[in-house]
Structure formats: structure tokens, C-alpha cells
There are 2 protein chains.
Amino acid sequence: MPGPRRSITETEQAIRQRLGGLTLQREAMAAVGNIHRAAAAVRSHLENSVLRPHELTWTSFVVLWVLWIWGEAETWSVAEEAGISKGTLTGISRTLESRGLVARSPHPEDRRRVLLSLTPEGEKLMEELFPAFNAEEAFVSASLSPEECLRLADSLRTIVGRLEEHGEQRRRELLAGEDLAPRRSGRRPRP
Amino acid sequence: MPGPRRSITETEQAIRQRLGGLTLQREAMAAVGNIHRAAAAVRSHLENSVLRPHELTWTSFVVLWVLWIWGEAETWSVAEEAGISKGTLTGISRTLESRGLVARSPHPEDRRRVLLSLTPEGEKLMEELFPAFNAEEAFVSASLSPEECLRLADSLRTIVGRLEEHGEQRRRELLAGEDLAPRRSGRRPRP
DNA sequence: CTCTTATCGTTTGGCATCAAATGATCGCCC
DNA sequence: GGGCGATCATTTGATGCCAAACGATAAGAG
């Protein structure tokens, strides 16, 4: 563990000094700033504890989880439920299929679509893994009371819901006047 | 926008059905499950609104932010403050340096270390960009009252603090008996 | 001084991730 | 039933990201 670490409180004091003159939404800044930090910390902890022996990443676990909860489902729906893009899901599900945890089958009525489901081994893994995963969820939030956990979850849901509902329009408004440089990422059109 | 989307509440009903027989920490699950979701949503919104015209990712913005708040700092400290690994910071700071936003200078007393700081252009950018960034932080959390924002931030800080304090020991305990396969990622020892 | 050990930042390998392009297939209209 | 646009999963290219290996330097022991 490296030496002198600045506490979060110290950080916020430094911010206050630096921004003393500016009007700003301090509450919003505190909330948003900590969401990403907490997400990274929790993800790292879970990947390096319960998921590590099974060589699963956070994302591949979430995909298994979605299939466990919802049963057989179409890929676009799994991607949305897991919060990843369809392209990412293609890679993840290929990996999980090669490990025998996930099965892919063609949609009976539409050959463009693909259905994903857990194999029996996948089910077995989740039945064994999920209690351990949940125990770690409990560990990371053990300093909060159940009521605080629910309030936390509720606030986060509110934010997600707001972005799902109004985010796209907001971005359109903000970027209306801009002419954006083409993104670096993404496939190039063939010449 | 794709068609029938399952609401979060529907999801949680399905979970209850699937896990009806298992004892589990539902509050913890709700909290952890939503942290990652909210973080991804917020990050995506900010990258695709205020950060997009400046071609900054979330992470590179955070690095600029840390340097803006703390001034000149050593790389390990910036990495920790930004919540990324040293290796990632190397790439980020190289990019930011090539764009003239960040300067690197050798430590006066130890030639292994490197000091990072904002260039005047970097400073100028942050003075202009931060208010817009903060306005979007306010937008994403506008459905919450200031008190709810503070409570949210506080709960998240509690989780981060707990993991910083007890996470490593917990992982050691959990993995004590396991013999882990070597990780897929990471540099290979030369033969 | 020489040797060893610790500690920097950087490099490297592998996966995750996204968005746009792409090809396959479907639905519809005439 | 032939064609045309919409919609699906996949491919592709670039970047983000981590952890371990690595080279350079510092600090300590004898």
C-alpha cells in the first residue's frame, strides 16, 4: 500500500479552495464523482474475489446472470439488460459458448435473430456462484443499513431513469450547434 | 429506441421469482447492481455531451481534473486520485501531452519519478470546460434533491472507504484455499 | 565500492468496449 | 413475386484498461 493517501474529505477541501469563486452544483458533483469511483471499486473487488476462480469478468458474469434470471432471450434484449452494446455481447457470448456455459440457437421464426440461454453447466455454475457473489455484495455494503442500501439503490435508479428518458434529447440540444470531428473509433467505410 | 423494454421493477420481480427459495441480501444486491448501471449511464452521457467536442474520454477528463485541483503531482499520486492504474496513466498522459494540455517534467531529486502538470492551455480548457461539465452533473442528478445527492454521495463514499480499508484482507481470506490459474491478461515472462 | 533489494514509470498482452459498416434476412408494397 | 427499405447480429478499427514483466534508478548493507 503506497504511503500518504489523500482522503476523500481532503480532496473535497481542495476542490472548494480551487473553485471558491465559481458557482457550481456541489451536491451534484459529489454524487456523480463518487458513482464512478464506487463502481470501479466494487467491480474490482468482485472480479478479484468470487469471479477470479471461475475466470469470469464482471461483464460476463452479468450476462450469465441475465440469462439465469430471464431464461432464454434474444441477444439485443440481453445486451440491453446487461448494459452493453450488441457488438460487445457478440464477443462475450462467443467466449461463454466456447466454455460451454451458454448456448446459441437460431430464432424459430426469424433467421436473423439468435437466442441465448444457459447450458446445464451454466445453470450449475450460477447456482453455485451466485450465493458467493451475493455474499460479496453484502460485504461491500455492510457499512450501510438495509434502509440506506435501498435508498442508495433508489437514488441510482432515479438517475438511470432520468438519463433513459431525457438524456438523448439533452445531448441533441447541447450538441446542436457543434460540428463534431468524426469519432476515432468505429469501422471505416471501405473506399 | 427499441421496443418493449423491461423496467427495473419488472427485473426485480423476476429476480424475486427466480431466487424465491434462496436466502440472499436483497438490499445489497439492489444497491450494487445499480451502482454499475448508473456509472455507465452517467459516463456515457457526459462523454457524448460536454466531453465530445473536446474529444476527451471520461478518464482523460478526470486526469485533467486531478491536475487542475491538485496542481503539479507525481504520476502514482495522479493515478490513485483518478482511480486508474499507473500503466493506464502512462498512455493517457502521453496523449494529453501530445495535445499540449499536460506537461511532464523530471523530479528534481529522483530521476525515476515524473511530475505532471497542466499547461496554460490545459488550464484554460478546464476553466472553460468544468462549468459545462458540472452543469451536466447537475442535469443527471436533477431528479434528486440536494439532500438526496449528499446522502447518495455519502453512501458511495462509505462503500469505497470500506473496500479501501478491508477489501484486500477480505480477498486474501476468500482466495486462501484456491490455486488460481495464471491470469490471461498481463505481460508474459520472456522465455 | 559492490552487491542486493526496493521502487519508480513504462511496456506488453489480452480482453472489454463502442460505434459505424456490413451482409443476411424480413416485411411490405405494388 | 420482385424490389426496396428496415432490422437483425456480426465484423471491424481504435481506444480504454489492468496486471505483470521490465529497465532504470535509488537506498541500504557489508
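Among D:dT25, D:dC8, C:dA19, the nucleotide with an atom closest to any side-chain atom of B:D110 is D:dT25. Taking the side chain of B:T90 as heavy atoms from C-beta on, and the options C:dT10, D:dC18, C:dC26, the nearest nucleotide is C:dT10. Comparing D:dG16, D:dC8, D:dA19 against the side chain of A:R112 picks out D:dC8 as the nearest.
The side chain of A:N48 places no N or O atom within less than 4.0 Å of a non-bridging phosphate oxygen (OP1 or OP2) of D:dC18. Contact annotation: B:T59 side-chain N/O to D:dC17 OP1/OP2 distance is under 4.0 Å.
Tested against A:H166, the residues A:R170, A:R162, A:E164 include a single side-chain contact (heavy atoms from CB on, under 4.5 Å) partner, A:R162.
Atom NE2 in B:H107 sits roughly 16 Å away from atom C1' in D:dA24 (whole-Å rounding). B:R43 has its CZ atom 9 Å from the P atom of D:dG16, to the nearest Å. In this structure, A:L51 atom CG and C:dA16 atom P are separated by 12 Å, rounded to whole Å. Distance, B:E47 CD to D:dT15 P: 14 Å, rounded to whole Å. B:I92 has its CD1 atom 9 Å from the P atom of D:dC18, to the nearest Å. Regarding B:I84, its CD1 atom lies at a distance of 7 Å from the P atom of D:dC17, rounded to whole Å. Computed from coordinates, the B:K86 NZ to D:dA21 C1' distance equals 11 Å when rounded to whole Å. Separating the CD atom of B:E55 from the C1' atom of D:dT15 is a distance of 12 Å, rounded to the nearest angstrom.
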Item to check | Criterion ring-ring contact (aromatic ring centres under 6.0 Å, His included) on A:W65 and A:F133, from CA distance to verdict | outcome: CA-CA 11 Å; A:W65 157 262; A:F133 188 89; 7.8 Å; no
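Toward the 5′ end of DNA chain D lies the nearest nucleotide of A:V114, the other residue of the pair A:H36 and A:V114 mapping further downstream. Judged by closest nucleotide on DNA chain D, A:L89 is the one of A:S44 and A:L89 placed further toward the 5' end. Between A:E109 and A:S85, it is A:S85 whose nearest contact on DNA chain C lies nearer the 5' terminus. The 5' end of DNA chain C is approached more closely, in terms of each residue's nearest nucleotide, by A:S60 than by the other of A:G87 and A:S60.
Criterion: ILVMFWY side-chain heavy atoms under 4.5 Å apart, direct or through other members. Under it, A:V114 and A:V63 are part of a common hydrophobic cluster.
Side-chain polar atoms of A:T88 and A:S85 form a donor-acceptor pair below 3.5 angstrom. No hydrogens or angles considered: a donor-acceptor pair under 3.5 Å links the side chains of A:S60 and A:T57.
Among the heavy atoms of the strands lying under 4.0 Å from A:T57 are primed sugar atoms or P, OP1, OP2 only; no base atom is included. Using a 4.0 Å heavy-atom criterion, one finds that A:T88 contacts the bases of the nucleic acid, with or without backbone contacts as well.
Scanning atom types as modelled, no donor and acceptor separated by under 3.5 angstrom connect the side chain of A:R111 and the base of C:dT25.
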